[in-house]
There are 2 protein chains.
Amino acid sequence: MLDAAVLVFSRRGFHHANMDEIAELSGVSKPMVYAYLGTKEELFIACLRRESARLVSGLAAAADPTLPPDQQLWRGLKGFFEFVGAHRDGWSVLYRQARTQQPFSAEISRMREAVVEVITDRLDGALRQEGRQVKPDDLTAMALTLVGASESLADWLADHPDEDPGRTATRLMNAVWLGADQLMRGSTWRPPTP
Amino acid sequence: MLDAAVLVFSRRGFHHANMDEIAELSGVSKPMVYAYLGTKEELFIACLRRESARLVSGLAAAADPTLPPDQQLWRGLKGFFEFVGAHRDGWSVLYRQARTQQPFSAEISRMREAVVEVITDRLDGALRQEGRQVKPDDLTAMALTLVGASESLADWLADHPDEDPGRTATRLMNAVWLGADQLMRGSTWRPPTP
DNA sequence: CTGGAAACTTACTCGTGCGTAACATTACGG
DNA sequence: CCGTAATGTTACGCACGAGTAAGTTTCCAG
């Protein structure tokens, strides 16, 4: 039933989705949807929570803070893109819809900020270990760069069923780890062969 | 009048914006808005076109293809963030709203794709000059990384009035040009002193 | 069988807001 | 002055879709 909702929301968007369609696709009638999941907003929030829980748990499992920085980054990216690849509809609902729509932006912002904060912390830790210290805003900007780039490639991945999530992760890893300068000189980052 | 529309759309979002409010803010009555700009959708498209024209012209002026790659990138980013800083409302309308909403996503996608294509071409050119050739998908991924990161930082910039656009551009330049590896080792990219 | 509770559906109400028809006001040429 | 055209405004029609009241079927206890 939530699956039906996610599907419809991702296809139509929150506003253009109507409850009748969700009900029909779930194979029940509208008042049942209201009985079980409540109003349209509550239903959407329910979808949101489920998808974001899936994503966050996937990420948490992937990036072990005891690993070296590049490994953390690699695993985090891989976990993320694998999630998106496996839940394309969920990704759509989570981001494309929710980030803009007024009643939910707060919810989604919180989640995004949590991710940014985790990345910021890891960056900070890695840099301290190198004996360096960076201003908070610089750290935030780096984390936002990473998150934004990931979202952008995630959208692309969601629209290209043939693209392999691991490959997408490698592409991004190349870009953010090595940087354009290194890339132009022919350097390449390769995933570890496990 | 378009200004009023952009303001309302950016504040409320397309769906929550109602024509009465736009009319009131423009200082005319609703039928006048219809007479001059047509339906709500047409009005939104009009806003979209104007904002995107501003942005694209700003970008085109900034990144001269005869410059060396890092200079192109630097100027492009600087131009972009200066645009966002100067037209926060416009940025909101252009991206936060339009990218998701069904009837406009096509329009905005086209524009975004145009930007991605320009970047792809420049990258390709720069790489060829180094005697290297890269698969189209890799080029696209690099361009998408850059665009996604820019959008992410643009959102941040739009929400932080104190942040200087040039500074934001420098932050991103550091991240994408040098890469995390170099950054962790203490390298820094600095803007040219004109 | 039958009473009635649980599970579900049909068919409605009602608010909202886009778009417009009908009415008012100003400008101006004769 | 007065007709009439340009430029507005007020007040409404109407569709759409969220949420619900009233009716219907299913299921089981006695």
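Below, chain A is the first sequence line, B the second, and so on; all start at residue 1. We use all heavy atoms of the structure for the numbers below, so side chains are in, but hydrogens, waters and symmetry mates are not. Because the structure is predicted, anything quoted here is derived from the model rather than measured.
Straight-line distance from the CE atom of B/Met19 to the C1' atom of D/dA11: 17 Å, rounded to whole Å. Rounding to whole angstrom units, CZ of residue B/Phe14 and P of C/dG17 are separated by 13 Å. Atom-to-atom, CD of B/Glu41 to C1' of C/dG19 comes out at 13 Å; the value is rounded to the nearest Å. One atom, CZ of A/Arg12, and another, P of D/dG17, lie 11 Å apart when rounded to the nearest Å. Between the CG atom of A/Asp20 and the C1' atom of C/dT10 there is a distance of 12 Å, rounded to whole Å. Distance B/Glu21 CD to C/dT16 P: 15 Å, rounded to the nearest Å. Protein atom NE2 of B/His16 is 12 Å distant from nucleotide atom P of C/dT16, rounded to whole Å.
Once rounded to the nearest 0.5 Å, the distance linking CG of B/Leu144 with OG of B/Ser150 reads 11.0 Å. Separating the OG atom in B/Ser52 from the CZ atom in B/Arg50 is a distance of 11.0 Å, to the nearest 0.5 Å. Distance CG/A/Leu37 to CE/A/Met19: 7.5 Å, rounded to 0.5 Å.
Comparing C/dG19, D/dA18, C/dG17 by their nearest atom to the side chain of B/Lys40 picks out C/dG19.
Taking the six-membered ring where tryptophan is involved, the planes of B/His15 and A/His16 are perpendicular, since the angle between them exceeds 60° and thus also 30°.
For the residue pair B/Thr140 / A/Arg171, no side-chain donor-acceptor distance below 3.5 Å is found, with atom types taken as modelled.
Between the B/Glu82 side chain and the B/Pro165 main chain, no donor and acceptor come within less than 3.5 Å of each other. A side-chain donor-acceptor contact under 3.5 Å links B/Arg88 to the backbone of B/Leu157.
End-to-end axis angle of the helix from C/dC1-D/dG30 to C/dG30-D/dC1, using five pairs per end and rounding to 10°, comes to 30°.
Within the structure, ring-ring contact (aromatic ring centres under 6.0 Å, His included) pairs that include any residue of residues 130-154 of chain A do not occur (at least two apart or interchain).
Salt bridge annotation for B/Glu51-B/Arg54: present, with a cationic side-chain nitrogen under 4.0 angstrom from a carboxylate oxygen.
Near DNA chain D, meaning a heavy atom under 4.0 Å away, the residues from residues 22-37 of chain A are A/Lys30, A/Pro31, A/Tyr34.
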